[in-house]
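Structure first, then comments.
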Amino acid sequence: MLEAVGVSAFDEHVYRAVLSAQQCTVADLAENAGAGVARTGQALKRLADLGLVRRVGRGRWEAVSPRSALSALLHRRRSEAETMYGEVEAELAALHRLYWANQLQSDPEALVEVLSDPETIARRIDEVNRSVTTHLWTLDKPPYLDAVGQPHFHEQEKTTTREWVERGVDIRGVYCLESIDPPGRMETVLRLAALGEKSRLLRHLPFKARIVDRRVAMVPLTGGSKESIVLVHPSGLLDGLIELFEAYWERAEPLLAPQVEEVEAGPSEEELVLVRLLHAGFKDQAIARQLGVSVRTATRRVAALMRTLDADTRFQAGVRARERGWI
């Protein structure tokens, strides 16, 4: 039962004997365990090293509270297992790089997988997404394979993002104006950011890409994901794509300001969406599509926001919003 935390079957037998009596002698415990005094004494020393028993006098022992002792031991074992898991993951990554280096020497075409069949593309993207363990970095730009803009897809994105965040995945997304143009898309992106995705915005991205665990990148060949994509494996090309992502990341503006909850007069959710759309350069017609309202209503809401911020121009509204910590 306790072997999982480093207690052998015999030592557990001795430990249970200590638990069932008060301040036992080694001789009593040896008789109870049906073993010699020397072997029982060694078991007690091992149990004491684990914090499960303690000596209370010459040749006498008592048990430490199992709740506290075993909880501490379990926590220690869990920490050791997590450390070992991290070391194995690092070694696995090193072995994978070694494997691909050898593959490239014997077959340079193994550097990339070129996929053009829609079913194959969808299957391989799903396989790569399911393999995420540490990093998921995305340059987001349409067109998309999935029904972006539809409610069911938004819910699917939020569920998947929540699962990745709970697993400790470093999720980063760089979005451009095109990627948040579909109605309701901006709201979903903000929701993903609130769940734990680190989201940033640039006016323009030249291409789309997804980097998983810094070991594989998915990049469309012809602008979109529908016709053909390439999977780039560990190589100088992958290193270049990682550095390129990091460069765009540094240039992009965060979608959520840190510690917004500490601002005395915080913005409403609608004001947050509006100010980010204005900051991104959206015109009233595009804002109306995002909010699902008429252009006239969008114009009226923008004007109300500018009054709230005491701004005469949209540029000034962005400056005032930044001063308040909204963006």
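Throughout, numbering of the chain's residues begins at 1 and tracks the sequence.
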Discussion item. Please find the pair of heavy atoms, one from Ala252 and one from Val174, that lie closest to each other, and give the distance.
Written reply: CB-CG1, 4.1 Å
Worksheet item: Do the side chains of Ser179 and Pro142 get nearer than 4.5 Å, heavy atoms only?
Response: yes
Discussion item. Measuring only between side-chain heavy atoms, which start at C-beta, is Leu136 closer than 4.5 Å to Val212?
Written reply: yes
Item to complete: Please state whether the rings of Tyr248 and Phe207 are parallel, tilted or perpendicular, taking 30° and 60° as the class boundaries.
Response: perpendicular
Fill in: Derivation of the side chain to side chain contact (heavy atoms under 4.5 Å, CB included) call for Gln42 and Arg39
CA-CA 5 Å; Gln42 291 297 319; Arg39 185 185 180 194; 5.8 Å; no
Worksheet item: About how many Å separate SG of Cys176 and CG of Asp140, when rounded to the nearest 0.5 Å?
Response: 7.0 Å
Worksheet item: Is any side-chain heavy atom of Asn129 closer than 4.5 Å to a side-chain heavy atom of Met218?
Response: yes
Discussion item. Can you confirm whether more than 12 heavy atoms, excluding those of Arg296, are under 6.0 Å from its CZ atom?
Written reply: no
Worksheet item: If every non-hydrogen atom of Pro254 is compared with every non-hydrogen atom of Arg200, which pair is closest and at what distance?
Response: CA-CG, 3.8 Å
Item to complete: Could you tell me whether the side chain of Val293 reaches within less than 4.5 Å of the side chain of Arg301, counting heavy atoms only?
Response: yes
Practice prompt. Dump the intermediate steps for side chain to side chain contact (heavy atoms under 4.5 Å, CB included) on Val216 and Leu238, then the final yes or no.
Written response: CA-CA 7 Å; Val216 63; Leu238 178 60; 5.7 Å; no
Worksheet item: Does a sphere of radius 6.0 Å around CD in Gln285 hold more than 12 heavy atoms from other residues, nucleotides or ligands, not counting ones at 6.0 Å or beyond?
Response: no
Practice prompt. Grab the two heavy atoms, one from Ala217 and one from Ile211, that are nearest each other, plus how far apart they are.
Written response: CB-CG1, 4.0 Å
Discussion item. Between Arg167 (side chain only) and Val132 (backbone N and O only), is there a donor and an acceptor less than 3.5 Å apart?
Written reply: yes
Item to complete: Indicate whether any N or O donor in one side chain lies under 3.5 Å from an N or O acceptor in the other, for Arg46 and Ser8.
Response: no
Discussion item. Using 0.5 Å steps for rounding, measure from the CD1 atom of Ile180 to the OG1 atom of Thr188.
Written reply: 11.5 Å
Discussion item. As an exercise, state the distance from NZ of Lys283 to OG1 of Thr299, rounded to the nearest 0.5 Å.
Written reply: 12.0 Å
Worksheet entry | 4.5 Å side-chain heavy-atom contact, Thr159 and Glu163 | yes
Discussion item. Are Glu271 and Leu309 packed together at the side-chain level, in the sense that at least one heavy-atom pair is separated by less than 4.5 angstrom?
Written reply: no
Discussion item. Taking the side chain as everything from C-beta on, heavy atoms only, tell me whether Leu192 gets closer than 4.5 Å to Glu157.
Written reply: yes
Worksheet item: What is the minimum heavy-atom distance between Ile171 and Thr161, and which atoms define it?
Response: CD1-O, 3.9 Å
Worksheet entry | Distance in Å, Glu62 CD paired with Arg55 CZ, rounded so as to fall on 0.5 Å steps | 12.5 Å
Practice prompt. Show your reasoning for whether side chain to side chain contact (heavy atoms under 4.5 Å, CB included) applies to Asp170 and Arg172.
Written response: CA-CA 6 Å; Asp170 178 18; Arg172 302 187 193 185; 3.2 Å; yes
Worksheet item: To the nearest 0.5 Å, how far apart are CD1 in Ile121 and OG in Ser116?
Response: 6.5 Å
Worksheet entry | Geometric class of the Phe245/Trp249 ring pair [parallel <30°, tilted 30-60°, perpendicular >60°] | parallel
Worksheet item: Hey, does the side chain of Thr308 reach the backbone of Ala304 with a donor-acceptor pair shorter than 3.5 angstrom?
Response: yes
Practice prompt. Could you walk me through whether Tyr175 and Thr138 pass the side chain to side chain contact (heavy atoms under 4.5 Å, CB included) test, one step at a time?
Written response: CA-CA 8 Å; Tyr175 298 88; Thr138 304; over 6 Å; no
Worksheet entry | In one Ile/Leu/Val/Met/Phe/Trp/Tyr side-chain cluster, 4.5 Å: Val37, Leu47 | yes
Worksheet item: What distance separates Arg251 CZ from Leu205 CG, expressed to the nearest 0.5 Å?
Response: 8.5 Å
Worksheet item: Are the side chains of Trp164 and Glu197 in touch, meaning some heavy atoms are under 4.5 Å apart?
Response: no
Worksheet item: For the residue pair Lys141 and Glu178, what are the closest heavy atoms and their distance?
Response: CE-OE2, 3.3 Å
Response to the item:
Shortest non-hydrogen pair, Val169 vs Thr133, comes out as CG2-O, 3.7 Å
Worksheet entry | Asp49 with Lys45: basic N within carboxylate O range, under 4.0 Å | no
Worksheet item: Would you say Glu127 has more than 12 foreign heavy atoms packed within less than 6.0 Å of its CD?
Response: yes
